[in-house]
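Here the structure is a predicted model, which means the values were calculated and not measured. So you know, we letter chains A, B, ... as the sequences are listed, proteins then strands, and number each from 1.
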There are 2 protein chains.
Amino acid sequence: MAALQKSIDKRNALINATIELVNNDGFHATPMSKIAKMACVSPATIYLYFENKQDLVNKTYIEVKANYTAYAFATYYETMPVEEGFKVIWHRIAEFKLKESADAMFLAQCDNTPMIDEASRQEGIKHLQPLLDLWARGKKEGIIKPLSDYMLYAYAINPLSFLMIAQNRGSVKLDKEQLEQAYEAAWSSIKTCK
Amino acid sequence: MAALQKSIDKRNALINATIELVNNDGFHATPMSKIAKMACVSPATIYLYFENKQDLVNKTYIEVKANYTAYAFATYYETMPVEEGFKVIWHRIAEFKLKESADAMFLAQCDNTPMIDEASRQEGIKHLQPLLDLWARGKKEGIIKPLSDYMLYAYAINPLSFLMIAQNRGSVKLDKEQLEQAYEAAWSSIKTCK
DNA sequence: TTACAGAAAATGAACGTTCATTCTTTTTTA
DNA sequence: TAAAAAAGAATGAACGTTCATTTTCTGTAA
């Protein structure tokens with residue numbers, strides 16, 4: 001009558017190996033055997049933790065996305081004024097993308113390829129709700145342009161992904177000043193008043 | 001002593017099949033056999049036109065990128081005022097992404113994955129020069145914020161890719177009005193004066 | 001105008017390799 | 001000690017590429 005438990009360390013090692021290898025080679029170019037080797041585990045062991053390769057990458061996506069949004073909203077409170085709230089969230093997102101760049105690269109790759117199930121994609125979007133709520137408030141107060149959420153995201157948040165990828169390729173080095181410029185551009189594009 | 005020529009139609013069919021299949025399934029999930037079938041050609045024939053699978057996708061990328069930039073600058077002249085020039089180029093890019101959405105999706109996927117050689121990527125960037133020149137002019141005239149080219153691209157052009165992907169997934173429908181809003185946001189983020 | 005030779009182009013089948021997954025056995029631990 | 005966890009070897013399918021052969025086409029000679 002045993003009641004062993006699968007090791008959470010092993011699961012984490014598998015998830016981290018997946019992120020690193022998929023970042024370097026892409027999903028279909030990373031064999032399960034390589035993931036296993038990097039996680040110091042037998043290929044067969046992966047199937048104790050995940051149903052199959054697709055499940056492994058879906059679960060990895062959802063987990064990373066959850067970390068991302070938790071980080072983004074960690075210092076934000078709904079009682080903040082709209083402009084301050086946006087500033088706080090924006091800078092947390094920027095910090096995440098720069099500090100946890102492997103995670104951020106993985107998400108960027110997932111968001112632009114047919115690598116992830118549509119269901120898992122939906123699951124990942126849910127956690128952005130606080131930002132959408134903030135925007136709704138800003139629009140009601142006349143501080144933020146009356147644009148759709150997709151439009152606001154496209155101009156205020158998504159450019160950070162582009163800049164992060166450029167930085168990771170070595171095309172750009174984002175210092176503090178450039179980051180402030182980026183924030184200015186983001187805010188300029190969504191605030192009302194010219 | 002014959003002097004046959006390889007059919008340009010066959011080459012085009014191969015390129016188009018590659019775009020469509022890679023868009024749907026990703027690079028490593030599209031077998032050469034499937035590309036061949038869609039192009040109505042034997043798998044072996046691909047190797048008369050391209051060295052190997054990597055070469056096929058690199059060449060496809062460069063060709064699509066060239067079409068994209070040609071389209072973008074087709075109605076632009078260097079004698080235009082900066083603001084008008086930007087407006088013209090921006091709208092042409094938007095038009096390309098909406099009309100030739102398969103091509104645009106393919107480029108977006110290439111730009112965020114390790115699918116393409118670094119050399120081919122460099123090759124593709126070259127053709128953007130007219131836009132960089134326009135920005136240099138705008139900065140000199142004090143019309144455009146003194147930001148790096150990457151920063152300007154991130155805020156003025158790249159959001160269109162995000163919106164196009166969202167539209168292709170069915171999350172958004174970009175009508176004329178929304179497109180004008182998008183242009184406004186783009187211009188707001190890079191013009192001087194508040 | 002036709003017939004033919006020869007080379008390029010195209011093909012389908014075959015090859016060797018790699019991969020995701022499973023099977024059988026061993027190890028670990030409550 | 002018994003069952004879960006882990007392992008390594010095995011399996012069958014699928015892949016990129018090549019090979020041996022056939023088809024297509026053009027320049028030339030009759």
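By the salt bridge (charged side-chain N to carboxylate O under 4.0 Å, His left out) test, B:Glu51 is found to be paired with no residue, residues two or more places apart in sequence or in another chain being considered. Checked against side chain to side chain contact (heavy atoms under 4.5 Å, CB included), B:Glu177 has the following partners two or more places apart in sequence or in another chain: B:Asp175, B:Gln181. Contacts of A:Lys87 classified as side chain to side chain contact (heavy atoms under 4.5 Å, CB included), with partners at least two apart in sequence or in another chain: A:His91, A:Tyr183. Looking at residues two or more places apart in sequence or on another chain, you find a side chain to side chain contact (heavy atoms under 4.5 Å, CB included) between A:Ala72 and A:Ile93. Here A:Lys97 pairs with nothing under the salt bridge (charged side-chain N to carboxylate O under 4.0 Å, His left out) rule; sequence neighbours left out. Under the rule for a ring pair (Phe, Tyr, Trp, His ring centres under 6.0 Å), A:Tyr47 has no partner lying at least two apart in sequence or in another chain. Qualifying side chain to side chain contact (heavy atoms under 4.5 Å, CB included) partners for B:Ala136, counting only residues two or more places apart in sequence or in other chains: none.
As rounded to whole Å, 10 Å separates atom P of D:dC15 from atom NZ of B:Lys37. When the P atom of C:dT22 is taken as reference, atom CZ of A:Phe50 falls 16 Å away, rounded to whole Å. Summarising the geometry, the separation between CD1 on B:Ile35 and C1' on D:dC15 is reported as 12 Å, rounded to the nearest angstrom. Distance, A:Leu48 CG to C:dT22 P: 12 Å, rounded to whole Å. We find that NZ of B:Lys34 is positioned 12 Å from P of D:dA14, with the value rounded to whole Å. Between the CZ atom of B:Arg11 and the P atom of C:dA9 there is a distance of 14 Å, rounded to whole Å.
At the phosphate of C:dA10, neither OP1 nor OP2 sits under 4.0 Å from any side-chain N or O atom of B:Ser42. The shortest distance between the side-chain N/O atoms of A:Tyr49 and the OP1/OP2 oxygens of D:dA6 is below 4.0 Å. Taking 4.0 angstrom as the limit, B:Lys10 places none of its side-chain polar atoms (N or O) nearer than this to OP1 or OP2 of C:dA9.
Within residues 12-31 of chain A, the residues having any heavy atom under 4.0 Å from DNA chain C are, by residue number, A:Thr30, A:Pro31.
Applying the side chain to side chain donor-acceptor pair (under 3.5 Å) test to every pair with at least one member in residues 69-79 of chain A, sequence neighbours left out, gives these pairs: A:Tyr71-A:Glu95, A:Tyr76-A:Arg137.
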Give every donor-acceptor pair under 3.5 Å between a side-chain atom in residues 106-119 of chain B and any protein atom, sequence neighbours left out.
residue, atom, partner, partner atom, Å
B:Gln109, NE2, B:Val22, O, 3.3
B:Asp111, OD1, B:Tyr61, OH, 3.3
B:Asn112, ND2, B:Ala108, O, 2.8
B:Thr113, OG1, B:Gln109, O, 3.0
B:Thr113, OG1, B:Met115, N, 3.4
B:Asp117, OD2, B:Asn58, ND2, 2.7
B:Glu118, OE2, B:Gln122, NE2, 3.0

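In this structure the side chain of B:Arg169 reaches within 4.5 angstrom of the side chain of B:Ile165, judged on heavy atoms. Residues B:Thr18 and B:Thr30 fail the side-chain proximity criterion, which asks for heavy atoms closer than 4.5 Å.
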Both distances under 3.5 Å, Watson-Crick or G-U wobble: on that basis, could you give the dot-bracket string for DNA chain C, with [ ] for crossing pairs and | for other-strand partners? ||||||||||||||||||||||||||||||
For nucleotides 17-21 of chain D, list the nitrogen or oxygen atoms of the protein found under 3.5 Å from its nitrogen or oxygen atoms, one pair per line.
residue, atom, partner, partner atom, Å
D:dT17, OP2, B:Tyr47, OH, 2.6
D:dT17, OP2, B:Lys53, N, 3.0
D:dT17, O5', B:Tyr47, OH, 3.2

